[in-house]
Amino acid sequence: VWRRLYAPGQVPGLWQSVAIAVVLVILNQILQGVFGLLSFKLLFGGDVGLHGNLIKGYMVGLFPAAVATVAIAWAFAGIKRATPAEILSLRSPGLTPLGWLVLVFTFLIFLYAAIFMGASLLGIDLEQFAPTEGQDNADTIGIVKQAMFDIAHDPRLFLLVLPSVVIGAPLAEEVIFRGQLFNALAHSRAGISGATVLTAGAWAGLHMTEPLFAVGIIFIMGLVFGYLMYRFNSLWVTIVCHAVWNGVYALTMFSSVGTP
(Lines give C-alpha, C1' and ligand atoms only; values in the text may rest on other atoms or scores of the structure.)
Protein backbone atom coordinates (compact mmCIF):
# COMPACT_ATOMS: atom_id res chain seq x y z
CA VAL A 1 0.00 0.00 0.00
CA TRP A 2 1.59 3.28 -1.13
CA ARG A 3 0.53 5.46 1.76
CA ARG A 4 2.22 8.34 3.48
CA LEU A 5 4.68 7.33 6.17
CA TYR A 6 6.73 10.53 6.50
CA ALA A 7 6.66 12.00 9.97
CA PRO A 8 9.25 14.78 10.29
CA GLY A 9 11.25 14.85 13.50
CA GLN A 10 11.05 17.95 15.65
CA VAL A 11 13.44 20.69 14.52
CA PRO A 12 14.91 23.52 16.63
CA GLY A 13 13.17 26.10 14.40
CA LEU A 14 12.51 26.71 10.71
CA TRP A 15 14.93 29.54 10.05
CA GLN A 16 17.57 28.10 12.32
CA SER A 17 17.32 24.79 10.45
CA VAL A 18 17.43 26.52 7.04
CA ALA A 19 20.47 28.49 8.19
CA ILE A 20 22.14 25.25 9.28
CA ALA A 21 21.45 23.71 5.86
CA VAL A 22 22.99 26.75 4.13
CA VAL A 23 26.03 26.60 6.41
CA LEU A 24 26.39 22.88 5.64
CA VAL A 25 26.37 23.56 1.89
CA ILE A 26 29.03 26.26 2.29
CA LEU A 27 31.16 24.12 4.59
CA ASN A 28 30.87 21.19 2.20
CA GLN A 29 32.10 23.34 -0.69
CA ILE A 30 35.02 24.63 1.39
CA LEU A 31 35.93 21.13 2.54
CA GLN A 32 35.76 19.86 -1.04
CA GLY A 33 38.21 22.57 -2.03
CA VAL A 34 40.59 21.83 0.83
CA PHE A 35 40.59 18.04 0.42
CA GLY A 36 40.62 18.41 -3.34
CA LEU A 37 43.75 20.57 -3.21
CA LEU A 38 45.45 18.12 -0.84
CA SER A 39 44.58 15.21 -3.12
CA PHE A 40 45.82 17.16 -6.13
CA LYS A 41 49.18 17.81 -4.47
CA LEU A 42 49.56 14.23 -3.24
CA LEU A 43 48.55 12.54 -6.48
CA PHE A 44 49.87 14.94 -9.10
CA GLY A 45 52.68 16.81 -7.41
CA GLY A 46 50.77 20.07 -7.18
CA ASP A 47 51.37 21.24 -10.75
CA VAL A 48 48.62 23.86 -10.92
CA GLY A 49 49.20 24.25 -14.64
CA LEU A 50 47.56 20.87 -15.26
CA HIS A 51 43.92 21.95 -15.07
CA GLY A 52 42.61 18.44 -15.69
CA ASN A 53 44.62 17.07 -12.77
CA LEU A 54 43.25 19.76 -10.47
CA ILE A 55 39.70 18.62 -11.20
CA LYS A 56 40.71 14.97 -10.69
CA GLY A 57 42.17 15.83 -7.29
CA TYR A 58 38.95 17.64 -6.45
CA MET A 59 36.95 14.51 -7.34
CA VAL A 60 39.12 12.36 -5.04
CA GLY A 61 38.66 14.89 -2.24
CA LEU A 62 34.86 14.63 -2.38
CA PHE A 63 34.80 11.55 -0.16
CA PRO A 64 36.66 12.87 2.91
CA ALA A 65 34.80 16.17 2.51
CA ALA A 66 31.49 14.30 2.55
CA VAL A 67 32.42 12.33 5.68
CA ALA A 68 33.35 15.56 7.47
CA THR A 69 30.12 17.24 6.29
CA VAL A 70 27.96 14.39 7.59
CA ALA A 71 29.76 14.52 10.95
CA ILE A 72 29.12 18.26 11.20
CA ALA A 73 25.48 17.78 10.14
CA TRP A 74 25.06 15.17 12.89
CA ALA A 75 26.46 17.62 15.45
CA PHE A 76 24.18 20.43 14.24
CA ALA A 77 21.16 18.10 14.33
CA GLY A 78 21.75 17.56 18.05
CA ILE A 79 21.25 21.26 18.87
CA LYS A 80 18.80 21.82 21.74
CA ARG A 81 19.00 18.14 22.70
CA ALA A 82 17.29 17.01 19.52
CA THR A 83 17.82 13.44 18.31
CA PRO A 84 20.11 13.62 15.23
CA ALA A 85 18.80 10.38 13.71
CA GLU A 86 15.22 11.74 13.91
CA ILE A 87 16.09 15.18 12.57
CA LEU A 88 17.95 13.65 9.61
CA SER A 89 15.36 10.90 9.09
CA LEU A 90 17.99 8.16 9.41
CA ARG A 91 15.44 5.46 10.14
CA SER A 92 15.15 1.96 8.73
CA PRO A 93 12.56 1.79 5.92
CA GLY A 94 11.75 -1.80 6.84
CA LEU A 95 12.36 -3.12 3.31
CA THR A 96 13.28 -6.72 2.58
CA PRO A 97 16.19 -7.45 0.16
CA LEU A 98 13.62 -8.06 -2.58
CA GLY A 99 11.90 -4.81 -1.67
CA TRP A 100 15.17 -2.93 -2.06
CA LEU A 101 15.76 -4.52 -5.48
CA VAL A 102 12.27 -3.64 -6.69
CA LEU A 103 12.58 -0.08 -5.37
CA VAL A 104 15.97 0.61 -6.95
CA PHE A 105 15.00 -1.01 -10.27
CA THR A 106 11.75 0.99 -10.43
CA PHE A 107 13.63 4.17 -9.60
CA LEU A 108 16.16 3.62 -12.40
CA ILE A 109 13.50 2.72 -14.97
CA PHE A 110 11.45 5.80 -14.09
CA LEU A 111 14.43 8.17 -14.32
CA TYR A 112 15.68 6.78 -17.63
CA ALA A 113 12.14 6.92 -19.03
CA ALA A 114 11.91 10.57 -17.94
CA ILE A 115 15.23 11.35 -19.62
CA PHE A 116 14.27 9.81 -22.96
CA MET A 117 10.76 11.25 -22.87
CA GLY A 118 12.04 14.72 -22.00
CA ALA A 119 14.66 14.59 -24.73
CA SER A 120 12.06 13.44 -27.25
CA LEU A 121 9.57 16.18 -26.33
CA LEU A 122 12.23 18.89 -26.40
CA GLY A 123 13.88 17.60 -29.57
CA ILE A 124 17.21 17.09 -27.80
CA ASP A 125 19.82 14.73 -29.21
CA LEU A 126 21.23 12.89 -26.18
CA GLU A 127 24.40 12.02 -28.10
CA GLN A 128 25.56 15.61 -27.68
CA PHE A 129 25.96 14.89 -23.96
CA ALA A 130 28.21 11.88 -24.57
CA PRO A 131 31.98 12.37 -24.02
CA THR A 132 34.22 12.11 -27.09
CA GLU A 133 37.47 10.18 -27.04
CA GLY A 134 40.47 12.49 -27.32
CA GLN A 135 38.48 15.71 -26.95
CA ASP A 136 37.60 18.05 -24.10
CA ASN A 137 33.83 18.62 -24.33
CA ALA A 138 33.33 20.07 -20.85
CA ASP A 139 31.46 23.08 -22.27
CA THR A 140 28.88 20.74 -23.81
CA ILE A 141 28.66 17.73 -21.52
CA GLY A 142 29.57 19.41 -18.22
CA ILE A 143 32.68 19.60 -16.07
CA VAL A 144 31.84 16.58 -13.92
CA LYS A 145 31.07 14.23 -16.80
CA GLN A 146 34.22 15.27 -18.66
CA ALA A 147 36.30 14.77 -15.51
CA MET A 148 34.80 11.33 -14.89
CA PHE A 149 35.47 10.31 -18.49
CA ASP A 150 39.10 11.44 -18.20
CA ILE A 151 39.49 9.66 -14.85
CA ALA A 152 38.03 6.46 -16.33
CA HIS A 153 41.15 6.15 -18.52
CA ASP A 154 43.20 5.41 -15.39
CA PRO A 155 41.73 2.39 -13.51
CA ARG A 156 43.68 3.13 -10.32
CA LEU A 157 42.51 6.74 -10.22
CA PHE A 158 38.99 5.61 -11.09
CA LEU A 159 38.97 3.34 -8.03
CA LEU A 160 40.07 6.28 -5.87
CA VAL A 161 37.27 8.47 -7.20
CA LEU A 162 34.55 5.80 -7.07
CA PRO A 163 33.94 6.14 -3.27
CA SER A 164 33.50 9.89 -3.74
CA VAL A 165 30.89 9.45 -6.46
CA VAL A 166 29.01 6.42 -5.11
CA ILE A 167 29.23 7.05 -1.35
CA GLY A 168 30.48 10.55 -0.58
CA ALA A 169 28.26 12.70 -2.79
CA PRO A 170 25.00 10.82 -2.01
CA LEU A 171 25.66 10.89 1.74
CA ALA A 172 26.50 14.58 2.00
CA GLU A 173 23.86 15.83 -0.43
CA GLU A 174 21.03 13.71 0.97
CA VAL A 175 21.86 14.57 4.58
CA ILE A 176 21.78 18.28 3.72
CA PHE A 177 18.82 18.44 1.33
CA ARG A 178 16.50 15.52 2.14
CA GLY A 179 17.62 15.37 5.76
CA GLN A 180 18.14 18.74 7.45
CA LEU A 181 16.41 21.03 4.92
CA PHE A 182 13.50 18.76 3.97
CA ASN A 183 12.64 18.18 7.61
CA ALA A 184 12.65 21.91 8.39
CA LEU A 185 10.48 22.83 5.39
CA ALA A 186 8.05 19.98 6.05
CA HIS A 187 7.33 21.61 9.42
CA SER A 188 6.56 24.95 7.76
CA ARG A 189 3.55 26.12 5.77
CA ALA A 190 5.22 24.64 2.70
CA GLY A 191 4.41 21.17 3.98
CA ILE A 192 5.78 18.02 2.43
CA SER A 193 4.85 19.05 -1.13
CA GLY A 194 6.57 22.40 -0.77
CA ALA A 195 9.56 20.77 0.90
CA THR A 196 9.83 18.38 -2.05
CA VAL A 197 9.82 21.15 -4.66
CA LEU A 198 12.07 23.55 -2.74
CA THR A 199 14.72 20.96 -1.88
CA ALA A 200 14.67 19.64 -5.45
CA GLY A 201 15.20 23.18 -6.75
CA ALA A 202 17.98 23.96 -4.29
CA TRP A 203 19.73 20.68 -5.05
CA ALA A 204 19.46 21.22 -8.80
CA GLY A 205 20.83 24.75 -8.35
CA LEU A 206 23.94 23.27 -6.77
CA HIS A 207 24.66 21.55 -10.11
CA MET A 208 24.44 24.62 -12.37
CA THR A 209 27.91 23.88 -13.80
CA GLU A 210 26.24 21.05 -15.74
CA PRO A 211 24.17 21.39 -18.96
CA LEU A 212 20.67 22.79 -18.46
CA PHE A 213 19.05 19.51 -19.51
CA ALA A 214 21.09 17.65 -16.88
CA VAL A 215 20.05 20.21 -14.24
CA GLY A 216 16.43 19.55 -15.22
CA ILE A 217 16.91 15.80 -14.74
CA ILE A 218 18.47 16.45 -11.33
CA PHE A 219 15.42 18.54 -10.40
CA ILE A 220 13.10 15.70 -11.44
CA MET A 221 15.24 13.28 -9.44
CA GLY A 222 14.87 15.60 -6.46
CA LEU A 223 11.08 15.42 -6.82
CA VAL A 224 11.29 11.63 -6.87
CA PHE A 225 13.47 11.68 -3.75
CA GLY A 226 10.91 13.90 -2.06
CA TYR A 227 8.20 11.36 -2.86
CA LEU A 228 10.38 8.56 -1.54
CA MET A 229 10.76 10.50 1.71
CA TYR A 230 6.98 10.91 1.82
CA ARG A 231 6.47 7.20 1.20
CA PHE A 232 9.21 5.54 3.26
CA ASN A 233 10.07 8.09 5.98
CA SER A 234 13.74 7.13 5.65
CA LEU A 235 16.73 9.01 4.31
CA TRP A 236 18.44 5.66 3.68
CA VAL A 237 16.09 5.12 0.74
CA THR A 238 17.17 8.29 -1.05
CA ILE A 239 20.83 7.70 -0.16
CA VAL A 240 20.77 4.21 -1.67
CA CYS A 241 18.89 5.29 -4.82
CA HIS A 242 21.25 8.26 -5.23
CA ALA A 243 24.27 5.98 -4.76
CA VAL A 244 23.03 3.45 -7.30
CA TRP A 245 22.33 6.19 -9.84
CA ASN A 246 25.83 7.62 -9.40
CA GLY A 247 27.32 4.13 -9.54
CA VAL A 248 25.61 3.33 -12.85
CA TYR A 249 26.74 6.71 -14.16
CA ALA A 250 30.37 6.10 -13.13
CA LEU A 251 30.47 2.58 -14.55
CA THR A 252 28.97 3.86 -17.79
CA MET A 253 31.82 6.34 -18.06
CA PHE A 254 34.36 3.60 -17.37
CA SER A 255 32.86 1.20 -19.92
CA SER A 256 32.69 3.88 -22.62
CA VAL A 257 36.46 4.51 -22.63
CA GLY A 258 37.97 3.65 -25.97
CA THR A 259 34.66 3.48 -27.83
CA PRO A 260 33.77 5.94 -30.64
Side-chain angles (χ1 to χ4, degrees), residues 24-25 27-40 42-44 51-71 73 100 104-105 107-108 111-112 115 129-131 136-138 141-179 203-211 213-215 217-222 224-225 228 235-259:
L24 287 173
V25 170
L27 284 175
N28 182 244
Q29 296 299 309
I30 293 173
L31 289 168
Q32 286 178 11
V34 171
F35 283 110
L37 185 59
L38 289 173
S39 300
F40 166 66
L42 288 172
L43 294 172
F44 306 106
H51 181 62
N53 286 346
L54 184 59
I55 295 176
K56 294 172 186 177
Y58 173 84
M59 296 291 289
V60 174
L62 288 178
F63 181 74
V67 172
T69 300
V70 171
W100 277 110
V104 171
F105 181 76
F107 166 75
L108 291 175
L111 259 295
Y112 279 115
I115 290 173
F129 301 116
D136 187 344
N137 299 325
I141 67 175
I143 296 174
V144 173
K145 180 174 281 190
Q146 182 64 54
M148 281 300 299
F149 185 66
D150 293 341
I151 289 168
H153 286 77
D154 184 342
R156 290 176 297 180
L157 183 59
F158 180 79
L159 290 176
L160 282 176
V161 171
L162 201 59
S164 294
V165 176
V166 178
I167 302 174
L171 271 176
E173 292 177 8
E174 293 308 311
V175 162
I176 294 172
F177 291 99
R178 254 69 59 176
W203 183 47
L206 194 66
H207 296 79
M208 288 305 293
T209 57
E210 301 305 296
F213 182 72
V215 174
I217 294 301
I218 291 170
F219 176 73
I220 293 174
M221 194 184 305
V224 174
F225 285 161
L228 291 177
L235 192 67
W236 291 116
V237 170
T238 65
I239 290 173
V240 170
C241 287
H242 193 161
V244 171
W245 177 266
N246 282 13
V248 171
Y249 166 84
L251 292 175
T252 300
M253 289 293 101
F254 187 74
S255 64
S256 65
V257 170
T259 60

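Just so you know, residue 1 is the first one in the sequence shown, and it goes up from there.
- Contact of the Val67 side chain with the Phe35 side chain is not registered, since no non-hydrogen atoms from C-beta on lie closer than 4.5 Å.
- In this structure, NE2 on His153 lies 10.5 Å from CZ on Phe254, to the nearest 0.5 angstrom.
- Applying the side chain to side chain donor-acceptor pair (under 3.5 Å) definition to pairs two or more places apart or across chains, those involving residues 236-247 are Glu174-Thr238, Glu174-His242.
- With contacts defined as side-chain heavy-atom distances shorter than 4.5 Å, the pair Ile151/Met253 does not qualify.
- Residue Ala147 comes nearest to Ile55 through the heavy atom pair CB-CG2, 3.4 Å, listed as atom of the first residue, atom of the second, then distance.
- Side-chain contact check for Val244 versus Phe107: every heavy-atom pair is 4.5 Å or farther apart.
- When the side chain to side chain donor-acceptor pair (under 3.5 Å) test is applied to Asp150, the partners found at least two apart in sequence or on another chain are Gln146.
- The distance from the OG1 atom of Thr69 to the CD atom of Gln29 is 9.0 Å, given to the nearest 0.5 Å.
- Separating the CG atom in Leu162 from the CZ atom in Phe63 is a distance of 11.0 Å, to the nearest 0.5 Å.
- In this structure, Phe225 and Trp203 have side chains that are in contact, with non-hydrogen atoms separated by less than 4.5 Å.
- Smallest separation of non-hydrogen atoms from Phe177 and Val25: CZ-CG2, 4.1 Å.
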Checking Tyr58 against Ile143 for the side chain to side chain contact (heavy atoms under 4.5 Å, CB included) test, could you report, in this order, the C-alpha distance in whole Å, the side-chain angles of both residues, the deciding distance, and whether it holds? CA-CA 12 Å; Tyr58 173 84; Ile143 296 174; over 6 Å; no
Please step through side chain to side chain contact (heavy atoms under 4.5 Å, CB included) for the pair Ile217 and Leu111, ending with a clear verdict. CA-CA 8 Å; Ile217 294 301; Leu111 259 295; 4.2 Å; yes
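- Between Leu157 and Leu43, some side-chain heavy-atom pair lies under the 4.5 Å cut-off.
- For the salt bridge (charged side-chain N to carboxylate O under 4.0 Å, His left out) condition, no pair includes a residue of residues 244-253, sequence neighbours left out.
- Sorted by first then second residue, the side chain to side chain donor-acceptor pair (under 3.5 Å) pairs that include residues 157-171, not counting sequence neighbours, number zero.
- Side-chain contact check for Leu160 versus Met59: every heavy-atom pair is 4.5 Å or farther apart.
- Residue Ile167 holds its CD1 atom at 12.5 Å from CG of Leu62, rounded to the nearest 0.5 Å.
- Ring geometry for Phe44 against Phe40 counts as tilted: the plane angle lies between 30° and 60°, on a 0 to 90° scale.
- Within the 4.5 Å cutoff, the side chain of Val161 has no heavy atoms near those of the Lys56 side chain.
- Pairing each heavy atom of Ala172 with each of Asn28, the nearest pair is CB-ND2, 4.0 Å.
- Scored by the salt bridge (charged side-chain N to carboxylate O under 4.0 Å, His left out) test, Glu173 finds no partners at all (sequence neighbours excluded).
- Residue Ser39 comes nearest to Gly57 through the heavy atom pair CB-O, 3.3 Å, listed as atom of the first residue, atom of the second, then distance.
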Please determine whether side chain to side chain contact (heavy atoms under 4.5 Å, CB included) holds for the pair Leu235 and Val175, giving the CA-CA distance in whole Å, both sets of side-chain angles, and the decisive distance to 0.1 Å. CA-CA 8 Å; Leu235 192 67; Val175 162; 4.0 Å; yes
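- In terms of the ring pair (Phe, Tyr, Trp, His ring centres under 6.0 Å) criterion, Phe219 has no residue partners (sequence neighbours excluded).
- The number of heavy-atom neighbours closer than 6.0 Å to OH of Tyr112, taken from other residues, nucleotides and ligands shown, is above 12.
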